[in-house]
**Student:** 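To start, I am sharing the structure in question, which I have written as structure tokens.
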Amino acid sequence: MTSPQARDAFNVAKEPREVREKYGLNRFGQCCLLARRLIEAGVRVMTFDWGGWDTHSNNFVTLKQQLPKLDIAMSALLQDLADRGMDKDVSIVMWGEFGRTPRVNKDAGRDHYPNVFSAALAGGRIKGGRVLGSSDANGAFPKDNAKPPHDVLATIYQHLGIDTKKAYRTPSGRPVP
């Protein structure tokens with residue numbers, strides 16, 4: 001954050017307009033472009049969120065607005081990283097903290113649901129083009145090859161070079177596996 005390269009990366013306006021448009025001229029698209037710029041500047045880990053997915057009501061209206069923006073921005077980011085030869089060095093993780101109910105509620109929404117949820121991973125050591133696991137026909141429970149969150153985190157940690165078998169110590173000395 002303090003290097004001149006990282007500070008300069010925050011100026012997304014330095015990108016040609018056609019590049020900014022390729023990502024989508026919305027908050028999420030520009031965050032994805034900023035992520036690529038920060039990676040090029042040497043930033044090793046970043047995170048951002050894009051609100052508006054908590055669809056307890058109007059689920060289908062909201063998704064018709066959100067999903068095209070997500071598709072445009074993520075495909076631009078993944079293609080940009082591949083074109084620049086950075087796709088093997090960068091891991092992309094997209095997930096929420098829970099899934100959504102398999103049934104639509106009275107407000108045309110879907111509520112929080114812990115039994116089934118999805119994550120999308122790309123780049124780094126991830127072998128692309130695969131789907132791991134499935135749910136039952138109703139999307140209510142895992143059917144096969146369920147991956148609990150700690151397995152997904154282990155994959156991320158492996159890419160970052162963090163030993164998942166080691167116990168790390170907090171500043172107070174408490175071990176954290």
Side-chain angles (χ1 to χ4, degrees), residues 9-10 12-13 15 17-39 43-82 87 90-160:
F10 280 96
V12 177
E15 291 287 334
R17 180 153 181 89
E18 62 269 9
V19 172
R20 295 192 320 267
E21 288 175 351
K22 180 175 80 168
Y23 279 82
L25 296 175
N26 55 67
R27 180 174 174 257
F28 184 69
Q30 297 305 286
C31 282
C32 287
L33 176 55
L34 175 58
R36 193 263 292 153
R37 290 178 56 83
L38 288 168
I39 292 163
V43 175
R44 294 209 47 217
V45 177
M46 69 200 72
T47 182
F48 58 89
D49 83 52
W50 173 26
W53 297 94
D54 207 9
T55 57
H56 296 281
S57 62
N58 299 318
N59 179 73
F60 303 100
V61 171
T62 301
L63 293 182
K64 281 183 182 178
Q65 295 167 355
Q66 297 279 72
L67 291 173
K69 294 174 189 174
L70 174 68
D71 186 44
I72 289 166
M74 286 306 296
S75 62
L77 176 59
L78 293 169
Q79 188 63 57
D80 220 355
L81 292 172
D87 53 317
V90 176
S91 290
I92 306 287
V93 180
M94 191 169 47
W95 67 349
E97 70 276 25
F98 45 73
R100 290 287 169 183
T101 53
R103 289 194 172 89
V104 176
N105 68 26
K106 66 178 178 52
D107 297 316
R110 294 176 67 201
D111 298 313
H112 300 173
Y113 193 70
N115 296 329
V116 175
F117 56 97
S118 302
L121 284 75
R125 296 178 183 167
I126 301 297
K127 294 177 185 172
R130 300 179 306 150
V131 175
L132 302 177
S134 65
S135 67
D136 64 14
N138 295 321
F141 298 99
K143 180 180 173 188
D144 62 67
N145 201 16
K147 300 295 179 201
H150 62 268
D151 283 355
V152 178
L153 289 172
T155 300
I156 297 166
Y157 293 157
Q158 181 185 32
H159 179 80
L160 292 171

**Student:** Which residues pass the side-chain hydrogen bond (donor to acceptor under 3.5 Å, both in side chains) test with Y113, sequence neighbours left out?
**Tutor:**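 Here the qualifying residues are N115.
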
**Student:** Could you give all pairs that pass the side-chain hydrogen bond (donor to acceptor under 3.5 Å, both in side chains) test and reach residues 60-77, with sequence neighbours left out?
**Tutor:**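 Residue pairs with at least one partner in residues 60-77: there are none.
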
**Student:** Between L25 and R17, what is the shortest heavy-atom contact and its length?
**Tutor:**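 For L25 versus R17, the nearest heavy atoms are CD1-NH2, 3.4 Å.
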
**Student:** Hey, could you give me the CG/CG distance between D80 and L33, rounded to the nearest 0.5 Å?
**Tutor:**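 D80 atom CG to L33 atom CG measures 7.5 Å (nearest 0.5 Å).
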
**Student:** Output the distance between atom OG1 (T101) and atom CG (D111), rounded to the nearest 0.5 Å.
**Tutor:** 5.0 Å

**Student:** Once you round to the nearest 0.5 Å, how far does CG of D54 lie from CZ of R100?
**Tutor:** 4.5 Å

**Student:** So, for W95 and S118, which heavy atoms are closest and what is the spacing to 0.1 Å?
**Tutor:** CB-O, 3.8 Å

**Student:** Quick one: pull up CG in N26 and CG in L70 and give me the separation to the nearest 0.5 Å.
**Tutor:** 10.0 Å

**Student:** Can you tell me how far the CG atom of L77 sits from the CD1 atom of I92, to the nearest 0.5 Å?
**Tutor:**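 The CG atom of L77 sits 4.5 Å away from the CD1 atom of I92.
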
**Student:** Would you compute the distance between atom CD of Q79 and atom CZ of R36 and round it to the nearest 0.5 angstrom?
**Tutor:** 12.5 Å

**Student:** Mind checking side-chain contact (heavy atoms from CB on, under 4.5 Å) for V104 and listing every partner two or more places apart, or none if nothing turns up?
**Tutor:**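 Testing V104 for side-chain contact (heavy atoms from CB on, under 4.5 Å), a comparison that skips the adjacent residues, returns F60, R110.
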
**Student:** What I'd like to find out is whether the side chain of I39 reaches to under 4.5 Å of the side chain of M46, using heavy atoms alone.
**Tutor:**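 With C-beta onward as the side chain, the pair touches.
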
**Student:** Does either side chain, that of D144 or that of S134, offer a donor lying less than 3.5 Å from an acceptor on the other one?
**Tutor:** yes

**Student:** Looking only at heavy atoms, what is the nearest atom pair of S91 and G124, with distance?
**Tutor:** OG-CA, 3.8 Å

**Student:** Tell me every residue that passes salt bridge (charged side-chain N to carboxylate O under 4.0 Å, His left out) with R130, counting only those two or more places apart in sequence or in another chain.
**Tutor:** none

**Student:** Work out which heavy atom in L160 is nearest to a heavy atom in R44; give both atom names and the distance.
**Tutor:** O-NH2, 4.1 Å

**Student:** For W50, enumerate each residue passing the ring-ring contact (aromatic ring centres under 6.0 Å, His included) test, keeping only those at least two apart in sequence or located in another chain.
**Tutor:**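 So W50 forms a ring-ring contact (aromatic ring centres under 6.0 Å, His included) with F28, W53.
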
**Student:** Side-chain contact, heavy-atom cut-off 4.5 Å: F48 with C32?
**Tutor:** yes

**Student:** Looking only at non-hydrogen atoms, find the nearest pair between P142 and V116 and report the distance.
**Tutor:** N-CG2, 3.7 Å

**Student:** Can you name the nearest heavy-atom pair linking A73 to G29, along with the distance?
**Tutor:** CB-CA, 3.6 Å

**Student:** List in chain and number order the residues that pass ring-ring contact (aromatic ring centres under 6.0 Å, His included) with H112, two or more places apart in sequence or in another chain; answer none if no residue qualifies.
**Tutor:**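 H112: ring-ring contact (aromatic ring centres under 6.0 Å, His included) contacts with H56, F98.
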
**Student:** Given the rule in the salt bridge (Lys or Arg N to Asp or Glu O under 4.0 Å) test, do E15 and K22 qualify, once you have shown the distances and angles that lead to the verdict?
**Tutor:** CA-CA 11 Å; E15 291 287 334; K22 180 175 80 168; over 6 Å; no

**Student:** Quick one: does D107's side chain have a donor or acceptor within less than 3.5 Å of a partner on G109's backbone?
**Tutor:**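 A pair under 3.5 Å: no.
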
